[in-house]
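All figures in this text were calculated on a predicted structure; none of them were measured in a lab. Index from 1, following the sequence. Order of listing sets the numbers, starting from 1, for every ligand and every atom in it.
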Amino acid sequence: MARKKTKKENIEILDRLMLLHPNAHCELEHSSAFELLIATILSAQCTDVRVNIVTSELFKKYNTPEAFKSLPIKTIENEIKTCGLYKSKAQKIKDTSLMICEEFDGNVPDNLDDLVKLPGVGRKTAGVVLSNAFNVPAIAVDTHVFRVSNRIGIVKENTPEKTEFALMKAIPKDRWTHSHHLLIFHGRRICKARKPECENCNITEYCNFFKSNI
Ligand code: SF4
């Protein structure tokens, strides 16, 4: 049976992926922690490209919790409609903005415990905000990080939450945030969900999925 990788192997894998994706970074455009929080809420089941199109107009008009908390829900819905799931996302944006104003003095919290108190903010969204806006090491596990890390065999887990904790053990802390970006870049560009492009991948010799499918 395929085994999990050693920490040394994981570092080698990440070094290889850095060669393949030297520009791996957060692809949600933002200029503040609050903008990143809103963009991440909008990104659920939506591409970053679409979110960036929507937020490039939205944030010109409203980009603070004070502004969003006072907006009619219909206005938010109309602004974000093309991101999908717009009714629930609009409600989360309004409720989160209200809580930030009322309980956090208008500032996005910079710690996990408080971030996950915000309506619509789970560990994944909190991890994205912490690592990208506050430089707090985190490995947010989205669909790409979950799929790619388990395919390779960096971890062997069956839920995103278990994957997050396993990755935190498998990867040195100072590489958590960048590993998140690398695994997302790899998942979007090469290790795609339906048909991974293994012929273009530079970690085949490490990959459990590849070895079990040749
Ligand atoms: S070898 Fe294939 S399955 Fe493995 S990480 Fe690369 S693209 Fe994904």
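- Aromatic rings from H25 and F185 are positioned such that their centres are separated by under 6.0 Å.
- The number of protein N/O/S atoms found under 2.8 Å from atom 4 (Fe) of ligand 1 is 1.
- When each of K211, K5, R16 is checked for a salt bridge (Lys or Arg N to Asp or Glu O under 4.0 Å) with E205, only R16 meets the rule.
- Of the charged side-chain nitrogens involved, none lies within less than 4.0 Å of a carboxylate oxygen, so that K7 and E12 do not count as a salt-bridged pair.
- The side chain to side chain contact (heavy atoms under 4.5 Å, CB included) test with H181 singles out one residue from V145, N23, N132, L17, and that residue is N132.
- Residues T163 and N150 have side chains that bring a donor and an acceptor to within less than 3.5 angstrom of each other.
- No hydrogens or angles considered: nothing links the side chains of N208 and K156 as a donor-acceptor pair under 3.5 Å.
- Close approach of ligand 1 to H186 (heavy-atom distance below 4.0 Å) involves ligand atoms 5 (S), 6 (Fe).
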